[in-house]
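I have placed the structure first, in the form of structure tokens, so that the comments after it can refer back to it.
Bear in mind the structure is a predicted one, so any value in this text is a computation, not a measurement.
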Amino acid sequence: MALAPLINGHRYSYASIEIAAQIGATNTELFTDVSGISYNESLDVSFMQGTSRQPIGWTAGNYKPGDAALEMGKSTFTQMVLQTGPGWLGINLLLLVSYADIGEIVTVDTIIARIVGAEDAHDYGPDALKTTVKLLPFTILRNGIPSMLNRVF
């Protein structure tokens, strides 16, 4: 599979990212103060072992969305908590992470998650204060495509 043509040296960069979130049932917000985002997923597969020293097959595995986190400005986080109100911890979140740059395919990843924590760690210096919001994803769609087939046997 060929990569998209390289036009004027452009590839996705952090400035290519736009993050929008639907928090709860009604609150939708475009985050412009996010300095970091991470999310991952994996498939936990095991070998089937018989009496041979070699595996005889493997299991279908279990899908595991990994930890996810958003690092945002403290003031943006505070505003999000105020808008959400009591019970913000544990609320569901629909996160749309858009990647767009010159010559690149527009990609939108969808993360359905729950807010499970927030961490403030501030140090002396000129940098703005930040809060890391910890998320527990339920599913991640990469450009609308699920990573697993829904099979019923």
Query raised in the report: How long is the gap from CG on L129 to CG on D120, to the nearest 0.5 Å?
Result: 8.0 Å

Query raised in the report: Does some side-chain heavy atom of M148 sit less than 4.5 Å from a side-chain heavy atom of E41?
Result: no

Requested in this report: Flag yes if F138 and V133 sit in one hydrophobic cluster, no otherwise; membership is Ile, Leu, Val, Met, Phe, Trp, Tyr, and two members link when side-chain heavy atoms are under 4.5 Å apart.
Outcome: no

Query raised in the report: Does any non-hydrogen side-chain atom of E18 lie less than 4.5 Å from one of L30?
Result: yes

Query raised in the report: Roughly how far, to the nearest 0.5 Å, is NZ of K74 from CG of D33?
Result: 12.5 Å

Query raised in the report: Which heavy atom of I111 sits nearest a heavy atom of P137, and at what distance?
Result: CG2-CB, 4.2 Å

Requested in this report: Treat each ILVMFWY residue as a node, draw an edge where side-chain heavy atoms are under 4.5 Å apart, and state whether Y99 and I19 are in one component.
Outcome: yes

Query raised in the report: About how many Å separate CD of Q54 and CZ of F47, when rounded to the nearest 0.5 Å?
Result: 10.5 Å

Report summary line: What one should report as the nearest heavy-atom pair of S98 and V108 is OG-CG2, 3.7 Å

Query raised in the report: Going only through I, L, V, M, F, W and Y residues with side-chain contacts under 4.5 Å, is there a path from V81 to V116?
Result: no

Could you pull out every donor-acceptor pair under 3.5 Å between side chains of residues 84-92 and any protein atom, sequence neighbours left out?
{"from": "T84", "atom 1": "OG1", "to": "M80", "atom 2": "O", "distance (Å)": "2.8"}
{"from": "N92", "atom 1": "OD1", "to": "R114", "atom 2": "NE", "distance (Å)": "3.1"}
{"from": "N92", "atom 1": "OD1", "to": "R114", "atom 2": "NH2", "distance (Å)": "3.1"}

Query - Listed partners of E71 passing salt bridge (Lys or Arg N to Asp or Glu O under 4.0 Å), at least two apart - result: none

Report task. To the nearest 0.5 angstrom, please state how far the CZ atom of F77 sits from the OG1 atom of T132. Result -> 10.0 Å

Query raised in the report: What's the spacing between L93 CG and E29 CD if we round to 0.5 Å?
Result: 10.5 Å

Query raised in the report: Hey, is OH on Y63 packed in by over 12 heavy atoms from elsewhere, all under 6.0 Å?
Result: yes

Query - ILVMFWY cluster, L136 and M72 together (side-chain gap under 4.5 Å) - result: no

**Report entry** Pairing residues for T107 by the side-chain hydrogen bond (donor to acceptor under 3.5 Å, both in side chains) criterion, not counting sequence neighbours
**Finding:** Y12

**Report entry** Spacing of I112 atom CD1 and L96 atom CG [to the nearest 0.5 Å]
**Finding:** 9.5 Å

Query - Side-chain heavy-atom pair L135, I115 within 4.5 angstrom cut-off - result: yes

Report task. State, yes or no, whether a side-chain contact exists between I17 and V34 at a heavy-atom distance under 4.5 Å. Result -> no

Report task. Check for a donor-acceptor pair, side chain of N143 on one end and backbone N or O of D109 on the other, with a separation under 3.5 Å. Result -> no

**Report entry** Non-hydrogen side-chain atoms of L70 and L95 separated by less than 4.5 Å
**Finding:** yes

